[in-house]
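Some notes on the structure that comes next.
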Amino acid sequence: MDKPNDQSRMDKIVSLAKRRGFIFQSSEIYGGLNGFWDYGPLGVALKRNLKECWWRDMVAGHDELATPAGAPAPYEMTGLDCTIIMHPQAWKCSGHFDLFHDWMIDCRESKRRYRFDHLHGRWAGYRGKRVFVVTDQSGDEALPHTVTRAQKFFGVRANKIEEIEWPTALQPLAAAVKAGTVALGETLGPDAGEPGTLTEPREFNLMFETRIGALAGNDDDRAFLRPETAQGIFVNFKNVVDTSRVRVPFGIAQIGKSFRNEITPRNFTFRSREFEQMEIEFFCRPADSAAWYRYWRDRRWKWYLDLGLTAGRLQLREHAADELSHYSVGTADIEYAFPFLAPGEFGELEGIAHRGDFDLRSHMEGKLVRRDGALVVETGADGKPRHKGSGKDLSYFDDVSRERYVPHVIEPSAGADRAVLAFLCDAYHEDEVPDEDGKPRSRTVLRLHPRLAPVKAAILPLVKKDGMPEMAIDLYRQLKPHMACQYDEKGSVGRRYARQDEAGTPWCVTIDGQTLADRTVTLRDRDSLVQERLPFDAVVGLLRDRLT
RNA sequence: GCGGGUGUAGCUCAAUGGUAGAGCAAUAGCCUUCCAAGCUAAAGACGAGGGUUCGAUUCCCUUCACCCGCUCCA
């Protein structure tokens, strides 16, 4: 694989994030905890601003009377905040329980890991020796693979292959082990040279498990921390429709924590085990769903650009047909070229998925699978549903078209922590600023969009005397009710500018000698370094205007 | 989870089997009239736990975290 884009740049960003109090490792004083991260004073402000932007732009500020550019029709938006722990059946019907719950088996020799239920094998014998040959191949390739493996293990020439005896048929390894017809010590792993290198199967659960009740102890009390916020919206679909007067098409938005036991948390906060999602489930008429899918894909793409992400580092990627989830008829990812990735590689910020009626139907009928192109309830060996649905009718009667249907769903699902990381990486710049002697001096600056910046403005007396601090404090108190701002009188003004640049503060207002004479101040722009002179009393109004 | 590498102050780096030193940053004070100036003061570290040793930051083991690769990954 190629070298990461710019690992040293990433290192500097991580270092800045820690040094200035954006992001700390969780439980650091105890040595840290893999895959968990805390937001410090500046970080929490940045993240809150980001979430607030999302909520304002998608939900609170949405005009349901107008048809937004690119939208097929006017629509409504509303919100929800549901619990992290839900009825366990929700995760069985959503598919997460089966999908996220695997038995894995490791090979001590090849260091490879296999899904236990993907392994098959059969007994092979040759001149008195016998071994249970295991393959990870499936379909037509499985049987020839076991022959090749056995041939190599026994050291049989190609023309003597017929001498290898195969007393049993190919069968799932799990079944053979359970039946006691083979012990793991007798198995030859798919990539091993010697038998007995496969470990006992171990349970791999990507969902965090917990127990309900203080005295909990048995399996019936088992519950899960949600691996996505979406299911809480689906199970509340009927509640919202019945109580809020919304009519299709409409969206329900939610921001909240989700949890996944990632096997390999990596790349700073990019893959965390506890993370925050910003999700919309948008419900529409099946016939209109493709148009709504395109609308949301383009709308969400534009949102990142409007908040300042560099277009050249952002990518909108439509999934190929074979890449789609079992339920999806269309998915696009919005991806960012993070510095820790190899050139040409992108990391997912948000997925916009056309989920059809999979989710609502699953919570009605039970867990669905795709069979011959149609979604049907998955059944167990006994012919009954593998996971039973709620049995509640989640269909919708459309008063306008006079038809009843299960709405289709478009799901723009964004990672709040990933977005924060992308905006942080994108904002990070090193440039040169002339020092007091006019010589260039390097500076670190976060070019965050003013809406995202943790601190919007710093109020600085040029020097700490002659009444300047008093005037600056006066202005600070006028501004504070309107936006996050800081007062700083310590050290030289250049140092204070530099400190604010590093935190991403877009504006610095400086009170100088002239302020005392004519009641004007200077307003310094973070990116251009341009200073403009304006009346003291115009500052609050001007900065408020620039923020919107 | 496996293999390899790395852990000394907020950051960047030293030294050492005998109680760890510097620069920058940060804090307090002085000074300072527009982009990290200067002076003074005080503060701050051997990732954690065991073991060997009279004595361990240094040697050994374990563990935790980070980086690279594998595996995995809506």
Side-chain angles (χ1 to χ4, degrees), chain A residues 1 3-4 7 10-12 14-16 18-21 24-36 40 94-96 99-100 102 104-115 191 199 202 204 206 227-228 230-231 258 260-268 270-271 277 279 319 323-328 331 333 340 347-348 350-353 355 411 413 415 432-445 460-466 468 489-502 508 510-516 521-522 524 526 529 531 533:
Chain A
M1 195 179 102
K3 285 264 181 222
Q7 191 61 49
M10 191 63 210
D11 290 344
K12 287 180 192 168
V14 173
S15 168
L16 176 71
K18 160 97 192 269
R19 183 159 46 84
R20 291 306 306 267
F24 307 122
Q25 189 164 33
S26 166
S27 316
E28 195 182 78
I29 63 168
Y30 286 109
L33 193 58
N34 198 358
F36 296 89
S94 73
H96 288 89
L99 190 69
F100 277 21
D102 295 322
M104 305 294 287
I105 203 161
D106 289 315
C107 176
R108 294 189 195 90
E109 185 186 321
S110 67
K111 307 300 180 195
R112 288 182 176 274
R113 169 171 292 159
Y114 313 96
R115 271 182 59 170
D191 300 280
T199 62
R202 278 175 300 188
F204 241 82
L206 264 40
E228 64 171 29
Q231 298 306 321
S258 292
R260 289 182 200 178
N261 238 329
E262 300 287 354
I263 296 173
T264 314
R266 196 88 25 123
N267 290 328
F268 202 29
F270 183 76
R271 178 163 291 141
Q277 293 185 299
E279 293 198 295
H319 283 209
E323 202 183 348
L324 295 175
S325 306
H326 54 292
Y327 49 75
S328 184
T331 297
D333 283 348
F340 52 76
E348 181 182 344
E350 171 161 352
I352 298 98
R355 298 174 66 106
E411 177 190 83
S413 170
E432 293 190 331
V433 170
D435 67 9
E436 56 178 353
D437 301 322
K439 293 187 203 135
R441 177 180 171 141
S442 70
R443 102 176 150 149
T444 299
V445 55
L460 316 170
L462 185 58
V463 288
K464 197 169 49 176
K465 62 179 186 188
D466 298 340
M468 293 181 207
E489 58 174 32
K490 302 289 169 60
S492 74
V493 75
R495 175 185 298 257
R496 284 175 275 161
Y497 286 150
R499 263 200 292 261
Q500 295 296 337
D501 289 341
E502 224 178 36
C508 289
T510 303
I511 309 299
D512 58 16
Q514 200 179 325
T515 312
L516 308 169
V521 299
T522 63
R524 170 193 182 264
R526 175 195 66 200
L529 302 177
Q531 292 190 41
R533 190 114 213 146

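Every value quoted in this text rests on a predicted model; they were computed, and no experiment measured them. Just so we're on the same page: letters track the sequence lines, and every chain starts at 1.
One side chain, A:Q277 or A:S258, offers a donor N or O that lies under 3.5 Å from an acceptor on the other.
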Expected output check: what is the dot-bracket annotation of RNA chain B, where ( ) and [ ] are pairs inside the strand (brackets for crossing ones), | is paired with another strand, and pairs are Watson-Crick or G-U under 3.5 Å? (((((((..((((....[..))))..((((.......)))).....(((((..]....))))))))))))....
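Of the candidates A:R20, A:R496, A:R524, A:R441, A:R524 is the only one forming a salt bridge (Lys or Arg N to Asp or Glu O under 4.0 Å) with A:D501.
Computed from coordinates, the A:D191 CG to B:G1 P distance equals 21 Å when rounded to whole Å. We find that OH of A:Y497 is positioned 11 Å from P of B:A36, with the value rounded to whole Å.
Within 4.0 Å (heavy atoms only), A:R441 reaches at least one base atom of the nucleic acid. Nucleic acid contact class of A:L529 (heavy atoms, under 4.0 Å, all strands): base. Residue A:S413 is classed as having no contact, given no heavy-atom separation below 4.0 Å to the nucleic acid. Residue A:R443 is classed as having no contact, given no heavy-atom separation below 4.0 Å to the nucleic acid.
Comparing A:T444 and A:S15 by the nucleotide of RNA chain B that holds the closest heavy atom to each, the one mapping nearer the 5' end is A:S15.
Partners of A:F268 according to the ring-ring contact (aromatic ring centres under 6.0 Å, His included) rule, which considers only residues two or more places apart in sequence or in another chain, are A:W37. For A:E348, the side-chain hydrogen bond (donor to acceptor under 3.5 Å, both in side chains) criterion is met by no residue, not counting sequence neighbours. Applying the side chain to side chain contact (heavy atoms under 4.5 Å, CB included) criterion to A:D512, with sequence neighbours excluded, gives A:L462, A:Q514, A:T515, A:T522, A:R533.
An OP1 or OP2 oxygen of B:C64 is reached within less than 4.0 angstrom by no side-chain nitrogen or oxygen of A:N34.
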Tabulate atom names and distances for all N/O pairs under 3.5 angstrom spanning the protein and nucleotides 47-50 of chain B.
none

I'd like to compare against my own output: the B/S/- annotation of nucleotides 26-33 of chain B with a strict under-4.0 Å heavy-atom distance to protein. S-S---BB
